[in-house]
Amino acid sequence: MKKLSIFVLVCSFSTVLTAQEEINSAIIPKSELQGTKAVSKSRTTDSKVTDSHQSTTISVRPGEAQVTHGAQFYQSEIDKIDRHIEMIDEKIAFVMNSPEDNQQAIDTGWFDQMETIKSELAAKKVALQAKLN
């Protein structure tokens with residue numbers, strides 16, 4: 001009897017754990033789901049071309065409102081990138097002023113990591129600026 005109850009318990013847990021997640025139709029209308037093969041759990045994007053130069057993208061993330069990716073969105077993202085780069089520069093200046101932190105940052109390659117991040121952010125900023133124009 002004990003083995004049977006353990007077997008039933010394991011089967012029920014495995015069924016619950018491997019069950020497919022139901023898509024919330026309040027977030028994504030069924031008409032948009034038709035023709036999609038797989039829906040990502042973290043993010044789904046739909047693109048609609050409004051003219052030959054600019055496209056409007058609507059992102060759907062669980063628990064968040066839909067966001068239209070227009071000029072205002074791209075400018076906001078560029079501003080965030082600028083602030084991020086400024087914060088990295090401030091942190092680098094702060095670390096360089098402390099001999100202990102400076103040596104530790106050199107030993108761990110932290111400065112190289114920050115430069116890599118800054119170059120990735122700069123590339124992302126250029127791509128966003130291209131979408132604005």
Requested in this report: List the steps, then state whether side-chain contact (heavy atoms from CB on, under 4.5 Å) holds for Trp110 with Lys91.
Outcome: CA-CA 11 Å; Trp110 183 80; Lys91 181 70 175 182; 3.5 Å; yes
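- The nearest pair of heavy atoms linking Ile85 to Ala122 is CD1-N, 4.5 Å.
- Across all non-hydrogen atoms, the minimal contact from Ile88 to Ile117 is CD1-CG2, 3.6 Å.
- Linking Ile, Leu, Val, Met, Phe, Trp and Tyr whenever their side-chain heavy atoms come within less than 4.5 Å leaves Val126 and Tyr74 in two separate clusters.
- In this structure, CG on Leu121 lies 10.0 Å from CE on Met114, to the nearest 0.5 angstrom.
- Thr116 places a side-chain N or O within donor-acceptor distance of the main-chain N or O of Asp112, the cut-off being under 3.5 Å.
- In this structure, Ile92 and Glu115 have side chains that are in contact, with non-hydrogen atoms separated by less than 4.5 Å.
- Atom CZ of Phe111 sits in a crowded spot, with more than 12 heavy atoms from other residues, nucleotides or ligands closer than 6.0 Å.
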**Report entry** Step-by-step side-chain contact (heavy atoms from CB on, under 4.5 Å) determination, Gln75 to Asp79
**Finding:** CA-CA 6 Å; Gln75 188 59 49; Asp79 293 342; 3.1 Å; yes
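- The distance from atom CD of Glu77 to atom NZ of Lys80, rounded to the nearest 0.5 Å, is 4.5 Å.
- Smallest separation of non-hydrogen atoms from Ile78 and Gln129: CD1-CG, 3.5 Å.
- The structure places CG of Leu128 at 11.5 Å from CG of Asn133, a figure rounded to the nearest 0.5 Å.
- Remark: Lys118 NZ to His84 NE2 distance equals 11.0 Å, nearest 0.5 Å.
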